[in-house]
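Here the structure is laid out as structure tokens; the discussion comes afterwards.
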There are 2 protein chains.
Amino acid sequence: MSALSVQQLRARLRACGLRATLPRIAVLGQLTAAEGPRSHAELTDALTARGFDRATIYRNLMDLTDAGLVSRTDLGDHRWRFELKRASHAQDPCHPHFICEGCGSIACLPEASVELHAVRGAPRALRHKSVQVQVRGLCNGCA
Amino acid sequence: MSALSVQQLRARLRACGLRATLPRIAVLGQLTAAEGPRSHAELTDALTARGFDRATIYRNLMDLTDAGLVSRTDLGDHRWRFELKRASHAQDPCHPHFICEGCGSIACLPEASVELHAVRGAPRALRHKSVQVQVRGLCNGCA
DNA sequence: TCTCAGATGAAATCGAGTTGCAATGATGGG
DNA sequence: CCCATCATTGCAACTCGATTTCATCTGAGA
Ligand SMILES: [Mn+2]
Ligand SMILES: [Mn+2]
Ligand SMILES: [Zn+2]
Ligand SMILES: [Zn+2]
């Protein structure tokens, strides 16, 4: 999506209590400019040219994940992918997510699209709605 | 679920054109006795006591998958899991699964516990029920 | 500027998954 | 029942992403 200025990236990091180091700004900048989830290898390919180490990129991805700026998911291909959490994508409550197994895109589903029933044999967590729902399939573009 | 006799397991393998070897019968027997998806490591732990090698167990899991007796899925925890395809167990091969974020255990959910609604804005895949649903939370033991 | 907890780079390690190969054994035909 | 054949096994090695170790460096507050 839109590329933020270095000052904006730095401010966002500091707001989370993270130091604004060169590699960390670069990683956050890459994820901000990306349109979808990115793997560690993809970011490494894009950033090693600037001299950053793959372990540093990895740790920064984990730092951003721990700080809540980024989400880490496995789209089923056995590789972790990192995606910037965007305010536009309304992280409201724990609404369900749709993961396209074709293109890897993640979409927020309307709260009403998934209805949970605490039928016999289901964990009690379903009754309290204290669960996170993931629906995997092919998006309209990949179907 | 129900444990099949060695003869029944052997017959099921032969019907798929697979040789009924000791390790293969044991792997199919484990998956038949299991009530949910099992990882390669879990089957290895259960079967190395009988002297079977982890590579053999792995290749048998792949053989059973290729033969269509077993499904291989990644429920998002970065480990492949194998589950017997049961004629009885809800014809729908895409029944929902519950993943405990505390202990990592995986359980099959009753088909009726999750109801999908193809509301406006949801991918068409939801309408065709051609999706895989994962519910994450804490199991009764970890709550 | 000074200081040091936090961060980096380089290399090692981990672990699930996968494969190569020589020895073994299940199966079908004689 | 025996044998030949080829699928399968046991073992070790290997792949590769993920993760950690540790000595050195640096960002940010004092
Ligand atoms: Mn995975
Ligand atoms: Mn299941
Ligand atoms: Zn898609
Ligand atoms: Zn649990």
Side-chain angles (χ1 to χ4, degrees), chain A residues 6-7 9-30 37-67 69-82 104, chain B residues 6-7 9-29 37-67 69-82 104 106:
Chain A
V6 172
Q7 283 94 336
L9 294 171
R10 184 186 299 273
R12 188 169 292 191
L13 290 172
R14 303 291 4 251
C16 293
L18 293 174
R19 290 192 181 178
T21 66
L22 240 42
R24 192 169 283 157
I25 293 170
V27 168
L28 182 59
Q30 284 285 317
R38 291 286 183 269
S39 69
H40 172 226
E42 287 169 337
L43 287 195
T44 294
D45 288 345
L47 292 177
T48 41
R50 295 178 55 183
F52 303 135
D53 189 75
R54 35 179 263 97
T56 298
I57 295 170
Y58 164 79
R59 281 182 295 223
N60 278 323
L61 286 170
M62 298 305 288
D63 292 341
L64 295 176
T65 300
D66 292 341
L69 290 175
V70 160
S71 66
R72 184 177 93 148
T73 53
D74 184 326
L75 282 346
D77 63 349
H78 246 56
R79 302 172 73 183
W80 293 118
R81 289 180 183 271
F82 302 83
Chain B
V6 172
Q7 284 94 335
L9 295 171
R10 185 187 299 273
R12 188 168 292 191
L13 290 172
R14 304 295 355 256
C16 293
L18 294 174
R19 290 191 181 180
T21 68
L22 237 43
R24 192 169 284 157
I25 294 170
V27 168
L28 183 60
R38 291 287 181 272
S39 68
H40 172 226
E42 287 169 336
L43 287 195
T44 295
D45 288 344
L47 292 177
T48 40
R50 295 177 54 185
F52 303 135
D53 188 75
R54 39 179 250 98
T56 299
I57 295 170
Y58 165 78
R59 281 182 291 224
N60 277 323
L61 286 170
M62 298 305 287
D63 292 341
L64 295 175
T65 300
D66 292 341
L69 290 175
V70 159
S71 67
R72 185 177 92 147
T73 53
D74 184 327
L75 278 345
D77 64 347
H78 238 58
R79 303 173 73 184
W80 291 118
R81 291 185 181 265
F82 302 82
I106 309 238

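Throughout, protein chains are lettered first and strands after them, A, B, ... in sequence-line order, and every chain is numbered starting at 1.
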Compare all side-chain heavy atoms of B:T56 with those of B:V27 and state whether any distance is below 4.5 angstrom. no
Comparing B:L22 with B:S39, nearest DNA chain C nucleotide closer to 5' gives the residue B:S39
With a 4.5 Å cut-off on side-chain heavy atoms, are B:F82 and B:R72 touching? yes
Counting just side-chain N and O atoms, does B:R72 come under 4.0 Å of either OP1 or OP2 of C:dG17? no
Closest to the A:W80 side chain: C:dT8, D:dG10, D:dA18? D:dA18
Whole angstroms only, please: what is the CG-C1' distance between A:D77 and D:dA18? 14 Å
Whole angstrom is fine here: how far is it from CG in A:D63 over to P in D:dG27? 16 Å
How many Å lie between CE on A:M62 and P on C:dA7, as a whole number? 14 Å
Taking 4.0 Å as the cut-off, does a side-chain nitrogen or oxygen of B:H78 come that near to OP1 or OP2 on D:dG17? no
For the residue pair B:R24 and B:F52, establish whether any side-chain heavy-atom pair is separated by less than 4.5 Å. no
Donor/acceptor link under 3.5 angstrom from B:R54 side chain onto base of C:dT18: yes
C:dA7 phosphate, OP1 or OP2: any side-chain N/O from A:T21 under 4.0 angstrom? no
Nearest to the A:P23 side chain among C:dT8, D:dG10, D:dA28, which nucleotide is it? C:dT8
Ring centres under 6.0 Å, that's the criterion: do A:H40 and A:W80 meet it? no
Whole-Å distance, A:L43 CG to D:dA18 C1', equals 15 Å
Taking only N and O in the side chain of B:Y58, is any of them less than 4.0 Å away from OP1 or OP2 of C:dG17? no
Can you see if the side chain of A:R59 gets near the phosphate of C:dT8 - specifically, an N or O under 4.0 Å from OP1 or OP2? no
B:F52 CZ to C:dT24 P: how many Å, rounded? 17 Å
CZ of A:F82 versus P of D:dA18: gap in Å, rounded? 7 Å
Here the distance between atom P of C:dG6 and atom CZ of A:R19, to the nearest Å, is 7 Å
Categorize B:A20 for me: base, sugar-phosphate, or nothing, with a 4.0 angstrom heavy-atom threshold over every strand shown. sugar-phosphate
Quick one, A:L28 and A:N60 - any side-chain contact, counting heavy atoms below 4.5 Å? no
Tell me whether the side-chain N/O atoms of A:R14 come closer than 4.0 Å to OP1 or OP2 in D:dG29. yes
To the nearest angstrom, how far is B:H40 atom NE2 from C:dT19 atom P? 13 Å
